[in-house]
Student: 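First the structure, then my questions, so here it is.
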Number of protein chains: 2
Amino acid sequence: MKHFGQYCGLARAMELVGERWAMLILRDLAVHPRRYSDLLTGLPGIPTNVLSTRLKELEQNGIVERQIAPAPQRGVVYAMTPAGHSLEPALLALGRWGATQLDDDPRDGEIVTPEAFTMTLRAVFNDDLAAGVDASWQLHSGDIEVYAVVTDGKLDAGVGPGPGDPDLVITFRPDNLPSFRALMQAARCGLVDLTGRRELLDTFIRLFEFRGASA
Amino acid sequence: MKHFGQYCGLARAMELVGERWAMLILRDLAVHPRRYSDLLTGLPGIPTNVLSTRLKELEQNGIVERQIAPAPQRGVVYAMTPAGHSLEPALLALGRWGATQLDDDPRDGEIVTPEAFTMTLRAVFNDDLAAGVDASWQLHSGDIEVYAVVTDGKLDAGVGPGPGDPDLVITFRPDNLPSFRALMQAARCGLVDLTGRRELLDTFIRLFEFRGASA
DNA sequence: CCGAATCCGCAGTGATACTG
DNA sequence: CAGTATCACTGCGGATTCGG
């Protein structure tokens, strides 16, 4: 990308990750390493040449790593480098701000991917309310399945079943909720199926209630 | 801008402020309202049509306001709306990350503007160390003049002379320090002229020492 | 099937000239 | 001062094709 000619952190950031689709690729990689075709299906609409160009640029800039996957899947896997992972606070801050600018419901054709959902969980997590909390949830909404594990007030969220048995499984009804906001509303109204320690639903709502774009 | 087709805060953020030059325009407006020509001179290299296009888009999206300036200067002034101001935490987070990716010294042709310098001050400010601090500084480096006022641990930083008399005036020598990093190094080594409460130099260094891209 | 490379039409950008 | 106008160029979107 062409340079902005300013010795400034923001300018450098935009030079490195400001091109079209780059941040969304990084959002997906921030959740877990992914193959080229995983990224393609998780970013409907991205041209294949743009994806491969971005991956090459991000790799060259030390933000993303190209790895040869080990035995079970064998193939190419893209993953964040430490420099890439250190970008996550900025991605979450941008995501929080963007969330305040979202319409109440998805526009025509707008989808929610498991990775977007996971990053939303991380973004809205109320760190300051979580001190001392230990609990784990598994969430089901449509065919999206994500987990959230809070250990000593620190969050680990990802796609799929969590690392251990969840304390509470929350299944949202109806199963095609359009947005995170609607989903939290359903939780508040009890429109959910619960399996496990049902009293942890309130804790979930408290910890993941979106409170605006504060720093 | 074309949409990404995802109902996701990050995607919406990039749709709204992800286009080329947009974040740098917002960085300047986050410091203070500016006229069209101020923005042009503060963003050397931006094409005039791109600036006017961005301003129109940002205005349409409710992030920037076009105001008719009052009596003294009379003319058009662009300013942040509340939605625009709420983007600042994200700009600072990106700037902090980008700062970790900067070379030690500016590349050929890279400049430092007063607005970039001000945003750097805001970005590196160590909030957690500032509890209870009340102090004000005025900084001179070359022809850049900025102020930093800490009131009860909260920072106000801007271009020009501060709102009141500064407790300490710091003038950096040599007067064309290439980077914020070099400037803090000069401060640590005593390569500065001080006027006022000299003991506040240590406080300044402590509060504005860059400690990496932590959230 | 995965992981791209290639080609084309078009929109966004950069540079400069010009105007109310 | 505050923008438009113009035009060459690059990058993106969309589709197809190709090699392992």
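As the structure is a computational prediction, the values presented were derived from the model and not from experiment. Residue numbering restarts at 1 for every chain, and letters A, B, ... go by the order of the sequence lines.
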Student: Angle between the end axes of the helix from C:dC1-D:dG20 to C:dG20-D:dC1, five pairs per end, to the nearest 10 degrees?
Tutor: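 Angle reported: 30°, given to the nearest ten degrees.
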Student: For a quick test of reading the model: is some side-chain N or O of A:Tyr36 closer than 4.0 Å to OP1 or OP2 of C:dA5?
Tutor: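 A:Tyr36 to C:dA5 OP1/OP2: no side-chain N or O under 4.0 Å.
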Student: Please give, in whole Å, the distance from C:dG3 P to A:Arg34 CZ?
Tutor: 11 Å
Student: So which one's nearest nucleotide on DNA chain D is more toward 5', A:Arg20 or B:Lys56?
Tutor: B:Lys56
Student: Rounded to the nearest 0.5 Å, what separation is found between the CE atom of A:Met80 and the CD1 atom of A:Ile63?
Tutor: 8.5 Å
Student: Can you tell me if the side-chain N/O atoms of A:Tyr78 get under 4.0 Å from OP1 or OP2 in C:dA4?
Tutor: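 Answer is yes, contact under 4.0 Å.
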Student: If the threshold is 4.0 Å, N to carboxylate O, is there a salt bridge linking B:Lys56 and B:Glu59?
Tutor: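 Salt bridge: no.
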Student: Have a look at B:Met184 and tell me which of B:Phe208, B:Phe210, B:Phe172 forms a side chain to side chain contact (heavy atoms under 4.5 Å, CB included) with it.
Tutor: B:Phe208
Student: Okay, side chain of B:Arg54, backbone of B:Ala22: is any donor-acceptor separation there less than 3.5 Å?
Tutor: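 Between the backbone of B:Ala22 and the side chain of B:Arg54 there is no qualifying donor-acceptor contact (under 3.5 Å).
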Student: What's the shortest heavy-atom distance between A:Leu40 and A:Ile46, and which atoms?
Tutor: CD2-CG2, 3.7 Å
Student: Rounded to whole angstrom units, what separation is found between the CG atom of B:Leu43 and the P atom of C:dA15?
Tutor: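 Those two atoms, CG and P, are 14 Å apart.
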Student: Taking the side chain as C-beta and beyond, is there a heavy-atom pair between A:Leu183 and A:Val192 under 4.5 Å?
Tutor: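 Of all side-chain heavy-atom pairs linking A:Val192 with A:Leu183, none is under 4.5 Å.
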Student: Between B:Phe4 and A:Arg20, is there a cation-pi geometry (under 6.0 Å to ring centre, at most 45° from the normal)?
Tutor: yes
Student: Measure CG/B:Leu55 against P/D:dA2 and give the value in whole Å, please.
Tutor: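 About 11 Å, once rounded to whole Å.
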Student: Given atom CG of B:Leu40 and atom C1' of C:dA15, what is their separation to the nearest angstrom?
Tutor: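 Nearest whole value for this atom pair: 13 Å.
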Student: Atom CG of A:Leu39 to atom C1' of C:dG3: distance rounded to whole Å?
Tutor: 12 Å
Student: Whether the side chain of B:Asn49 and the base of C:dG14 hold a donor-acceptor pair under 3.5 Å is what I'd like checked.
Tutor: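 Flag set: donor-acceptor pair detected.
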Student: Between the base of C:dA5 and the side chain of A:Thr48, is there any donor-acceptor pair under 3.5 Å?
Tutor: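 Under the 3.5 Å cut-off, the side chain and the base do form a donor-acceptor pair.
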Student: Side-chain N or O of B:Lys2 versus OP1/OP2 of C:dC10: is the shortest distance under 4.0 Å?
Tutor: no
Student: Starting at atom CD of A:Glu57, determine the distance to atom P of D:dG11, rounded to an integer number of angstrom.
Tutor: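 So the two atoms are 9 Å apart, to the nearest Å.
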Student: I want to check one thing: is the phosphate of C:dA4, taken as OP1 and OP2, less than 4.0 Å away from some side-chain N or O of A:Arg54?
Tutor: no
Student: OP1 or OP2 of D:dG11 versus the side-chain N and O atoms of A:Trp21: is any pair under 4.0 Å?
Tutor: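 No.
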Student: How long is the line joining CG of B:Leu51 and P of D:dT4, in whole Å?
Tutor: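 Distance check: B:Leu51 CG to D:dT4 P gives 10 Å.
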Student: Under 4.0 Å: is that the gap between some side-chain N or O of A:Arg35 and OP1 or OP2 of C:dG3?
Tutor: yes
Student: Nearest to the side chain of A:Val50 - D:dG3, C:dA5, D:dG13?
Tutor: D:dG13
Student: Starting at CD1 of B:Ile25 and ending at C1' of C:dT13, how long is that distance when rounded to a whole Å?
Tutor: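 In whole Å, C:dT13 C1' and B:Ile25 CD1 are 13 Å from each other.
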Student: Quick one: are the ring centres of B:Phe180 and B:Phe117 less than 6.0 Å apart?
Tutor: yes
